[in-house]
Amino acid sequence: MHALKLSTAPIMKKKTMPTTTPIPSPPLTPPTPQLISKIPKSLLKPTSTPITKWAPLNLSKSELSLPLTFPTGQTFRWKQTGPLQYTGAVGPHLVSLKHLTNGDVSYCLHRTSSPSSEAEALVALRDFLNVGICLSDVWEVFSASDSRFAELAGHLGGARVLRQDPLECLMQFLCSSNNNIQRITKMVNFISSLGNYLGTIEGFEFHEFPSLERLSTVAEQELREAGFGYRAKYITGTVKALQSKHGGGVEWLLSLRKVDLDEAIDALLTLPGVGPKVAACIALFSLDQHHAIPVDTHVWQIATRHLLPELAGARLTPKLCSRVAEAFVNKYGKYAGWAQTLLFIAELPSQKAILPSHFSNAKGKKSVKRKIVETNTTSENVINDIEEG
DNA sequence: CGGTAACCTGGGAT
DNA sequence: AATCCCAGGTTAC
């Protein structure tokens, strides 16, 4: 127990190497004829230099922090392709984003075919980045009513909520249930590989997200063989359910951007594999439902520590789940989901390592599972109250 | 209706 | 080495 393991602090994910196996190992087919095979690679100039035409996006780091937005669980399709650089697909467009030294974000469109498509790619990109919503405005409201949020915001500026394609978002979060990041990424990569190939950056292959029709050609068995486990039937079942919608499944999903949150959630819950948590993720990350609150174990921890302390020690049941969501909305208002996003990020091990220690709030993982036992003679009453409530 | 037990898989802890 | 546990849950009793 006291064997000094000073590994206490930050790094929890070792290696991280094999997460996606970037290059699917070029099988046979040497790309270059034997003639030039003797020439040292260093002398081979690529005939077409990779497009590196970067342009500003007019977004500062406080409005969009790439490291706090892309690798923090909203999407599993964007890859880190440089120190402060991430690459992914926006519709049919392959895009890289990076921070300049002053923090501003610049973008690069790969493989742009025509100037007109370049213009529409930029429109699509700005839409995807949700630039219509000013993060600092939204956070100002949160900070006014929550000093702890204000301090976290000072350290984690630019943690933005994306506006993803609903189908893409839905499929990703179907993969996420009771699963870990590494395997979710692997599964999402598999689905993505069914879409049109867009290019390879830093060893990562990128594809347009497959259409509903393309998805419908994949059998449950194939997905199981690809390691989806029981989520394989969620995918095929949801695809089938979407295809049965009059007017098209994609349109049906998009229509949920115009209805109330409750209606959107209820609609999503009819899809196999979509429960309250996944529905909230889809609603928040792709359907403009800014006060959707995905309640997972992390958010539950946050809520019981800072929002609903009277529930500490209780188990996360569906009813308490909606109570947590309610509490978030009561405290943070119509953009509560955006607040939840920052608070969630602050719980990630990678961020806790960076934040001042007083945010870690003692209690490592040891005592988490113990219900309030000792010290307090009335703790049992508290529990009873909760269960009756 | 609320509480519980399976459900696929792989990596890390015991 | 064998087993248990857990990972941003959902479904079926």
Side-chain angles (χ1 to χ4, degrees), chain A residues 1 3 5 7-8 11-21 70-76 159 161 169-190 220-238 241 265-266 268-285 292-304 311 314-325 328 337 340-352 364-366 368-369 371 383-384 386-389:
Chain A
M1 244 325 187
K5 41 171 68 177
S7 61
T8 57
I11 313 118
M12 298 213 75
K13 34 179 74 173
K14 324 199 138 170
K15 299 291 159 66
T16 69
M17 241 301 292
T19 53
T20 65
T21 55
F70 286 94
T72 49
Q74 287 188 60
T75 173
F76 302 91
V161 173
C169 191
L170 166 57
M171 292 298 146
Q172 292 189 76
F173 282 95
L174 275 181
C175 297
S176 76
S177 74
N178 193 25
N179 207 349
N180 58 70
I181 305 289
Q182 182 176 328
R183 197 153 76 104
I184 296 168
T185 303
K186 187 176 136 196
M187 292 159 66
V188 169
N189 285 344
F190 179 86
E220 177 184 338
Q221 185 58 25
E222 295 177 66
L223 293 172
R224 282 194 173 265
E225 288 167 2
F228 280 64
Y230 58 81
R231 300 166 200 82
K233 63 179 180 299
Y234 293 166
I235 302 284
T236 57
T238 285
I265 295 288
D266 287 344
L268 292 170
L269 289 178
T270 65
L271 301 171
V274 177
K277 159 66 168 50
V278 169
C281 285
I282 299 163
L284 176 61
F285 298 142
I293 308 293
V295 180
D296 55 37
T297 53
H298 284 296
V299 174
W300 176 245
Q301 296 299 321
I302 296 167
T304 55
L311 296 186
R315 287 182 53 90
L316 182 48
T317 62
K319 179 180 266 185
L320 290 182
C321 190
S322 57
R323 193 157 154 201
V324 168
F328 266 86
Q340 177 272 348
T341 295
L342 173 67
L343 298 174
F344 171 80
I345 290 172
E347 293 294 311
L348 297 176
S350 57
Q351 300 307 324
K352 282 198 166 181
K365 325 205 143 179
K366 288 193 192 168
V368 165
K369 281 234 160 157
K371 288 192 166 189
I383 297 287
N384 287 336
I386 292 168
E387 289 177 346
E388 292 185 59

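Note that the structure is a prediction, hence the values are computed from the model and not measured. Each chain gets a letter, A, B and so on, in the order the sequences are listed, and its residues count up from 1.
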Subject >> Any residue meeting side chain to side chain contact (heavy atoms under 4.5 Å, CB included) with A:A232, in chain and number order, not counting sequence neighbours >> reply: A:E220, A:L223, A:R224, A:F228
Subject >> Atom C1', compared across B:dG2 and C:dC13: separation rounded to whole Å >> reply: 13 Å
Original post:
Got a sec, which residues hit side-chain hydrogen bond (donor to acceptor under 3.5 Å, both in side chains) with A:N179, two or more places apart in sequence or on another chain?
Top reply: A:R183
Subject >> Rounded distance (Å) that lies between atom C1' of B:dG12 and atom CG of A:N180 >> reply: 11 Å
Subject >> Nearest-Å distance for atom pair NZ/C1', residues A:K233 and B:dC7 >> reply: 7 Å
**OP:** Could you measure between the two P atoms, the one in B:dG11 and the one in C:dT10, and give it in whole Å?
**Re:** 24 Å
Subject >> 5'-most by nearest nucleotide on DNA chain C - A:R231 or A:A279 >> reply: A:R231
**OP:** Under the side chain to side chain contact (heavy atoms under 4.5 Å, CB included) rule, what do A:T304 and A:V324 come out as? Steps first, then yes or no, please.
**Re:** CA-CA 9 Å; A:T304 55; A:V324 168; over 6 Å; no
**OP:** For A:V299, report the nucleic acid contact type (base, sugar-phosphate, nothing); a contact means any heavy atom under 4.0 Å.
**Re:** nothing
Original post:
Which nucleotide in the list B:dG3, B:dC8, C:dG9 gets nearest to the side chain of A:T317?
Top reply: B:dG3
Original post:
A:S322: what forms a side chain to side chain contact (heavy atoms under 4.5 Å, CB included) with it, not counting sequence neighbours?
Top reply: none
Original post:
Of the nucleotides B:dG10, C:dG8, B:dC8, which has the atom closest to the A:K186 side chain?
Top reply: B:dG10
Original post:
So, the side chain of A:Q172 versus the backbone of A:V188: is there a donor-acceptor pair under 3.5 Å, distance only?
Top reply: no
Original post:
Who passes side chain to side chain contact (heavy atoms under 4.5 Å, CB included) against A:S176, sequence neighbours left out?
Top reply: A:F173, A:I184, A:V278
Subject >> Nearest atoms (heavy-atom pairs only) where A:G237 meets A:P272 >> reply: C-CG, 3.4 Å
Original post:
Is A:F328 close to A:I302 at the side-chain level, that is, under 4.5 Å between some pair of heavy atoms?
Top reply: yes
Original post:
A:L174 has an atom CG; how far is it from atom P of C:dA7, in whole Å?
Top reply: 20 Å
**OP:** Ignoring the backbone of A:S177, work out which of C:dA7, C:dT10, B:dC7 is nearest its side chain.
**Re:** C:dT10
**OP:** Just jot down the side chain to side chain contact (heavy atoms under 4.5 Å, CB included) partners of A:S177, sequence neighbours excluded, or say none.
**Re:** A:Y230, A:R231, A:Y234
Original post:
Roughly how many Å is it from CD in A:E222 to P in B:dC8, rounded to a whole number?
Top reply: 18 Å
Original post:
When you compare B:dG3 with C:dA7, how far apart are their C1' atoms, in angstrom units rounded to a whole number?
Top reply: 22 Å
Original post:
Are A:E347 and A:Q351 linked by a side-chain donor-acceptor pair shorter than 3.5 Å?
Top reply: no
**OP:** Select base, sugar-phosphate, or nothing to describe what A:F344 touches, counting heavy atoms under 4.0 Å on all strands.
**Re:** base
Original post:
Atom CZ of A:R323 to atom C1' of B:dG2: distance rounded to whole Å?
Top reply: 15 Å
Subject >> Base-pairing string, 5' to 3', of DNA chain B - Watson-Crick or wobble, under 3.5 Å, | interstrand >> reply: ..|||||.||||||
**OP:** Using whole Å, report how far CD1 of A:I235 lies from P of B:dC7.
**Re:** 20 Å
Subject >> Rounded distance in Å - CG (A:N178) to C1' (B:dC8) >> reply: 9 Å
Original post:
Are any of A:K319's side-chain N or O atoms less than 4.0 Å away from OP1 or OP2 of B:dC1?
Top reply: no
**OP:** Could I get the full list of side-chain hydrogen bond (donor to acceptor under 3.5 Å, both in side chains) partners for A:E222, not counting sequence neighbours?
**Re:** none
Original post:
Rounded to the Å, how far apart are A:I184 CD1 and C:dT10 P?
Top reply: 12 Å
Subject >> Polar side-chain contact A:K277-C:dG9 base: donor and acceptor under 3.5 Å >> reply: no
Original post:
Counting only side-chain N and O atoms of A:R183, is one of them less than 4.0 Å from OP1 or OP2 of C:dA7?
Top reply: no
**OP:** Using the P atoms only, state how far B:dA5 lies from C:dC5, rounded to an integer number of Å.
**Re:** 13 Å
Could you write out each protein N or O paired with an N or O of nucleotides 11-13 of chain C at a distance under 3.5 Å?
unit_1, atom_1, unit_2, atom_2, d
C:dT11, OP1, A:G273, N, 2.9

Original post:
With a 4.0 Å cut-off on heavy atoms, is A:T72 in touch with a base, just the backbone sugar-phosphate, or nothing at all?
Top reply: base
